[in-house]
Engineer: 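Sharing a structure here in structure tokens format.
Residue numbering restarts at 1 for every chain, and letters A, B, ... go by the order of the sequence lines. Small disclaimer: the values here were computed from a predicted structure and weren't measured.
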Amino acid sequence: MCAQPVTNTKEARWQKVLYERQPFPDNYVDQRFLEELRKNVYARKYQYWAVVFESSVVIQQLCSVCVFVVIWWYMDEGLLAPHWLFGTGLASSLIGYVLFDLIDGGEGRKKSGRTRWADLKSALVFITFTYGFSPVLKTLTESVSTDTIYAMSVFMLLGHLIFFDYGANAAIVSSTLSLNMAIFASVCLASRLPRSLHAFVMVTFAIQIFALWPMLQKKLKACTPHSYVGVTLLFAFSALGGLLSISAVGAILFALLLVSISCLCPFYLIRLQLFKENIHGPWDEAEIKEDLSRFLS
Amino acid sequence: MGLVSRGTAEAGLGAASAVDRPGPPDAVPDPIPTPPAEGADPGSSRGPGMVLKAYFPTCCASADSGLLVGRWVPEQSSAVVLAVVHFPFIPIQVKELLAQVQQASQVGVTVLGTWCHRRQEPEESLGHFLEGLGAIFSHKPWFQLCRERGSKSWSCKATRWQGPASPAASGEDQVMLIFYDQRKVLLSQLHPPAALPDRQAGDTTASAGGLAAVFDTVARSEALFQSDRFDEGPVRLSHWQSEGVEASILVELAKWAAGPVCLLLACLLSLVSAASACRVFKLWPLSFIWSKLSTCEQLRHRLEQLTLIFSTRKAKNPAQLMRKANMFVSVLLDVALGLMLLSWLHRKDLIGQLADALIPVADHVAEELQHLLQWLMGAPAGLKMNRALDQVLGRFFLYHIHLWISYIHLMSPFIERILWHVGLSACLGLTVALSILSDIIALLTFHIYCFYVYGARLYCLKIHGLSSLWRLFRGKKWNVLRQRVDSCSYDLDELFIGTLLFTVLVFLLPTTALYYLVFTLLRLLVVTVQGLIHLLVDLINSLPLYSLGLRLCRPYRLAAGVKFRVLEHETGRPLRLLMQINPLPYSRVMHTYRLPTCGCHPQHSWGSLCRKLFFGELIYPWRQRGDKQD
Amino acid sequence: MEDEQNFSDICGGRLALQRRCYSPSCLEFCLSCPRITLRSLTAVTCTVWLAAYGLFTLCENSMILSAAIFITLLGLLGYLHFVKIDHETLLIIDSLGIQMTSSYASGKESTTFIEMGEVNDVVINEAIYMQKVIYYLCILLKDPVEPHGISQVVPLFQSAKPRLDCLIEVYRSCQDILAHQKATSTSP
Amino acid sequence: MAYRGGGGDGQHPSASLSYVSPGRLSTCRTCTHNICMVSDFFYPNMGGVEGHIYQLSQCLIERGHKVIIVTHAYGNRKGIRYLTNGLKVYYLPLKVMYNQSTATTLFHSLPLLRYIFVRERVTIIHSHSSFSAMAHDALFHAKTMGLQTVFTDHSLFGFADVSSVLTNKLLTVSLCDTNHIICVSYTSKENTVLRAALNPEIVSVIPNAVDPTDFTPDPFRRHDSVITIVVVSRLVYRKGTDLLSGIIPELCQKYPNLNFIIGGEGPKRVILEEVRERYQLHDRVRLLGALEHKDVRNVLVQGHIFLNTSLTEAFCMAIVEAASCGLQVVSTRVGGIPEVLPENLIILCEPSVKSLCEGLEKAVSQLKSGALPPPENIHNIVKTFYTWRNVAERTEKVYDLVAGEAVLLMDKRLDRLISHCGPLTGCIFALLAVFNFLFLMFLRWVTPDSIIDVAVDATGPKGAWTHQSPYRKKVDENNEVSKTR
């Protein structure tokens, strides 16, 4: 099926154009076939310790969930007085609040333009609503069986860990959803506590550890990485200790989990990078580099 | 006698058995040229020869020889024979008669040709005489229809005289004989009615589609059929005779009497309607109640129907007449049924028993409801309900039921009298009684309705709150401008409060949902009963009984069209068809003549109904009449 | 005058086409399906009754048996009266019209007559039917408002769906008569 | 002409079938083929694939082949229809799942397709567009029935994300035992070969074409006082509408006498309107909305420069049409676009606002200096490039080649599936193929080929379309007008 006899294919050189009839069959394969094929154009090289450092965010979140559960267990057992927890929580959050402004000399506050009055207002809202709702929370789930509640809260906390914003830009990340799930779980668990004061304290604590603490972490990580690492280690060890006081097995498992996440996973990530094979060529859909929003805003 | 003559005609056609006689008998004055052989292409051999159609009334099949009187429809090239003029006659008188008929009925009735019916041995003279007639009544084509003694073989030829001057140069045409029953065609009414030409415009406009034209001609030339067989007119015609005169006298009497009666009744009805239209009833709460009570609807509907029936104006077209008749019959049937019901009720004092039965029944229902509520306030079917909310709702509803029972007991002494009057109302018709029954049911189940409304509102509130909070939970919000869900960043405290409320609502939902479910089921039960009653009422209201009866007893009155039967046929003879009326199928009768009902039927489909139920919107019985007097 | 040919329908069943020619201007086609066979009838009945008997053995209630008998009888009657069409007739009368009669196994007949004035043409058409693509004969009705327009398509021989060869037979004769009709109606 | 019923309006050639006796319908042919084009995309839907199928079929019919088209029902346009020259189109009642592509179970379409293939005596199945599920179904069934198969790929696909990985796997399965594949450009060929892991020898490159008579220049329609830039494309992301929204303000601020005419509709129209709002360009930027194919030329001839901002294109017909109308083309250098036009007719830029603006400025400066050749010359050059007749004869060669080959038998096909598509997928689809074969056996048992009526050819060597009364022909002409548009 040649357009012309095969003899003169020698002198005529094949070109990659469609607009002129060439003395080659339609299914002719030139040696320049696939020459524009590229591989792993956008592949990135990772540094081991950098990856470990990044993974500390996950560690933090795991630890905060663990701490929360431990505290709840203590209160459920009645080993921990709500007043004491409330006091410590209040103190620690005040300290955190002061730190939050000290770290970056308050330009973060300037940027957001949020006044202290607004902070005070939202704090008051928290306190009043939680206090007002605590009796309702108390009677909310009494007819629901405890296992259901546990299952629900475990599910919710897992969701919180999954959807949390670890700094990766993926589709499923939604900090709102993760926070809401955490609050939902805390309410479920709080409704199991003996008295309404307990419930109140539990929910406030949940807010502190799930909403306020990550903010502070982010800022720490941004400004003073070293202290951040220190805080992370401290936090992790405290969580482990708390867990240890409940069950040794749990503590060991948790420790293994932490180690694997912080050390093994980065190692594997870097190993698997070698096998990456990503094909690129002229057929790829070109993506627009510059942002076009400036024309619209 | 018309009937008799028609009977013989049927026999005369001899359509039944195929007796093949040897070819055309020599008796025929001039044998028709035999049509071409089967195989050959008819178009070519016949040339421009047009097939003429001669519509011949079966009742004239046995008439003596004479002249064919009828109408020639050029556009279908068909001749509609209406009657036969017997010998002897004086041509002038025939022409006069035709002129009278023509100006009476605006139909171009002319002499189409000759008709000879040989009972005994053929005599040559008659044939020639008939030939000669063509010269007197000149018409082209000139039909010569002839029936043999054996009454099976007919011969017909149509000649186009090129003027009387040269009778030799006459072209022959293929003729097709179509027998039709004059009476049926006269009385039948085509569906869908063809565009009938108005009387003034005359027969020039009678160019409605082929068969419609034939029907129209026959229908309009009634004037021809007025003359009875016995009155000694100058001209003796034979055609379909209307039945005996006595019956017609009765009819005349009825017609004569109808006018004043209608007038009287119309006056009465106008009085009633005026009374009902009095301003007192138009005040707000009353008018609202009227609009909600099915009884009033039904009465209003009946009133309209009666006024329409007894309006002294004449029905313009047969459809309106049919409609009136249908209404009349349905009203009659309705009242008859109602009277039967009444008699049945008043025999051995059923009313009293009912009244005695009613109160206990209402009490019993209330008891059952109380039990139901007790059950709900426990742990029904092991469901996880919130105890506090459960108690609150339960008490609330129990209090309602208590109120209800006291109300019933308050009105218990009057029940019997009320029922008595209700029973009397049955003489206005069964439908009225039924709608009153449905109203009573609605009144007696008012508490269920209240429960339903409370439950539905509560549930609806919860559902909407939950849906919006669920969006907040996912960090989304409903954008009103773009009508879609956008993502938005909430403040911390907004999130917290939203989630708190969300949790609370989620855990409280099952309780509300259960109450809602139970009461919705009760409500649906009541609504279904009411719906059934309303359907029955609508059925009685809308059934076109008169048309159905007509279709049953006189199938030819309502014609969907015609159908043809090929009569036993032999070569060399004109093709003979029998045209019969194709009666309207019952489904189409129903569809065409069903009367408009007063009630509007359910607009929402099942899907939308389920949606409404799920989202806790209020549903109403079939006629948007759920909320009685609130 | 009258001849008979055998054809098959789209599912391979037998069909008999009778062609009666009363006069060059009047033709009649009668397409008759095979009658309901005793075997299938007995098969259906027996299955129903066996099923009923099985139920009866489960729950001792003689109502079931009588109900089954009634159901079969009613079903048979309904089938014969409303479903099973024995033969379909197409009567074409030049310059008068086309008449379609379909007569059920119970003897009930339903007739429709279309005047020549309304007929635009008789054609063979293709349609997607269930999981098949079939040919069928149909009458095109004139659109009263605009000439050459087509207001409706009336399919013929709907119950017995004959194959193409049979359709062509009928189609040819129809076209002959229609052609003559057209010729005469144009020439006054 | 409005018709009721599923029958559609196929009666005109059928009405003339009485002149053709069934005995004449001999099927096996040596020189000519019975081709069945299968695709989800056909008129009344508009686009590149639709046009390709229609024009190619017309040219093949004129070369004496028998061609039928099978697609799914669009609205109440179902049943069987005839287009110009008796091109027969089956609109099958199948469920449409996602933008005009039917849902596939790989089995449910077998009975109808098999019936059609048998009654039309089809010898070659030619499927179009890898987005069309129906096309893949048809390939699958055709192989089961032992018919030759050809596939034309009209689109490019990436390898990066999950969805494309899956689709590429399916394409591999579908093409691994297809006889021949046709691509519209060399880039598209490379892409397809990579995606379906094919032997490049069985992949031919046959470009699209445009009808040069439809796209003739008309210099008097454009005002030389202002410079007009024309954009005709669907306003979606893949066509680079975002780039356009960046280009418009840049150039409009730079050149006072520069106008834009934008034809096309789509979800991205909003941002163009926003840009127009912001910079008060209502008098200089005209948004025409959706264009009929016949109006495109009238829009094109109003402009001097044609701008194409696509982010990916297999073979961009729009720029060929524009060049054929004598416009200077400025386009992004993506996909197969560099192969379509020679350098002197096109200005290629990188897919970014900056580069495109530079390209446009270059074009404007050339225009002002009068360096551009007059439209007639451009038209005369371009009209020699791509013609449907050329496409048709090259496709015909492919058919001849394929008709020579043997279709894989069942066992070989299974081996090939398992060996070629990886163990898991291969086994799954081999199993499906076996099921399909059993289903086909069942269908053959239920309705044997012997009782399936052979369709009357409207086209092809013994086509009944040619001899018919002039009245019918007239009717069909205006049918065709009402249909193909």
Side-chain angles (χ1 to χ4, degrees), chain A residues 1-6 9 12-44 168-172 272-273 275-297, chain D residues 156-160 180 182 184-191 193-194 200-207 238 240 242-243 245-246 248-250 271 274-275 278-279 310-312 314-315 320 332-336 338-342 350-354 382 384-386 390 394 397-398 400-401:
Chain A
M1 46 189 283
C2 301
Q4 296 176 14
V6 193
T9 49
R13 191 165 173 289
W14 180 80
Q15 310 165 262
K16 190 177 179 183
V17 290
L18 297 167
Y19 47 82
E20 52 187 52
R21 314 280 157 79
Q22 303 187 42
F24 297 95
D26 286 332
N27 60 346
Y28 171 76
V29 182
D30 195 65
Q31 68 274 13
R32 284 161 54 209
F33 185 66
L34 286 181
E35 69 179 356
E36 293 179 52
L37 179 64
R38 303 270 177 281
K39 285 188 180 177
N40 300 343
V41 178
Y42 305 115
R44 284 170 47 189
N169 53 356
I172 66 163
L272 294 178
Q273 279 295 313
F275 302 112
K276 186 165 184 171
E277 186 172 26
N278 204 341
I279 304 176
H280 296 279
W283 48 81
D284 283 342
E285 181 172 322
E287 75 262 26
I288 304 168
K289 303 286 192 305
E290 72 256 85
D291 74 322
L292 301 158
S293 53
R294 63 194 165 95
F295 294 108
L296 292 174
S297 59
Chain D
L156 296 177
F157 234 94
F159 299 88
H180 210 93
I182 299 176
V184 292
S185 68
Y186 292 105
T187 312
S188 156
K189 173 175 178 176
E190 292 172 348
N191 184 1
V193 166
L194 283 175
E201 293 294 336
I202 67 163
V203 182
S204 294
V205 174
I206 300 176
R238 288 166 63 89
D242 308 71
L243 287 173
S245 73
I248 289 173
E250 292 275 314
I271 63 170
E274 283 175 7
V275 164
R278 281 195 65 69
Y279 298 89
S310 301
L311 300 181
T312 171
F315 176 96
V320 182
T332 48
R333 180 185 281 106
V334 295
E339 314 167 17
V340 173
L341 287 176
E350 290 313 311
S352 71
V353 173
K354 191 164 146 300
V382 172
T384 63
F385 288 167
Y386 307 104
N390 176 24
R394 286 160 83 172
K397 282 182 195 147
V398 172
D400 295 337
L401 181 76

Engineer: Roughly how far, to the nearest 0.5 Å, is CD of D:E190 from CZ of A:R32?
Structural biologist: 9.5 Å

Engineer: Do D:F159 and A:W283 touch side chain to side chain, with heavy atoms closer than 4.5 Å?
Structural biologist: yes

Engineer: For D:V353, which atoms come within 4.5 Å of any heavy atom of chain A: side chain, backbone, both, or neither?
Structural biologist: both

Engineer: At a 4.5 Å cut-off on heavy atoms, which part of D:F157 comes close to chain A: side chain, backbone, both, or neither?
Structural biologist: backbone

Engineer: Out of A:N278, A:I279, A:D284, A:L34, which one racks up the most heavy-atom pairs below 4.5 Å with chain D?
Structural biologist: A:L34

Engineer: More than 12 heavy atoms of other residues, nucleotides or ligands under 6.0 Å from CD of A:E277: is that the case?
Structural biologist: no

Engineer: Judged by atom type as modelled, is there a donor-acceptor pair below 3.5 Å linking the side chain of D:E339 to the main-chain atoms of A:L18?
Structural biologist: no

Engineer: Quick check on D:L311 against chain A: is it the side chain, the backbone, both or neither that has a heavy atom closer than 4.5 Å?
Structural biologist: both

Engineer: Against chain A, label D:V184 side chain, backbone, both or neither, depending on which of its atoms sit under 4.5 Å from a heavy atom there.
Structural biologist: backbone

Engineer: Under 4.5 Å, counting heavy-atom pairs only, tell me which of D:N191, D:T312, D:L156 racks up the most with chain A.
Structural biologist: D:N191

Engineer: Decide yes or no for A:D30 and D:Y186: does some side-chain heavy atom of the first lie under 4.5 Å from some side-chain heavy atom of the second?
Structural biologist: no

Engineer: List the atom of A:Y19, the atom of D:P342, and the distance in Å for their closest heavy-atom pair.
Structural biologist: CE2-N, 3.4 Å

Engineer: Can you tell me which of D:G335, D:A314, D:G246, D:P249 forms the most heavy-atom pairs within a distance under 4.5 Å of chain A?
Structural biologist: D:G246

Engineer: Would you mind reporting whether A:E285 and D:V334 have side-chain heavy atoms less than 4.5 Å apart?
Structural biologist: no

Engineer: Nearest 0.5 angstrom please: D:I182 CD1 to A:D26 CG, how far?
Structural biologist: 8.5 Å

Engineer: Restricting to non-hydrogen atoms, name the atom on D:T384 and the atom on A:R21 that form the minimum distance, rounded to 0.1 Å.
Structural biologist: O-NH2, 3.5 Å

Engineer: What part of D:L243 gets closer than 4.5 Å to chain A, counting heavy atoms only: side chain, backbone, both or neither?
Structural biologist: both

Engineer: If we only count heavy atoms from C-beta on, is the A:N27 to D:K397 side-chain gap below 4.5 Å?
Structural biologist: no

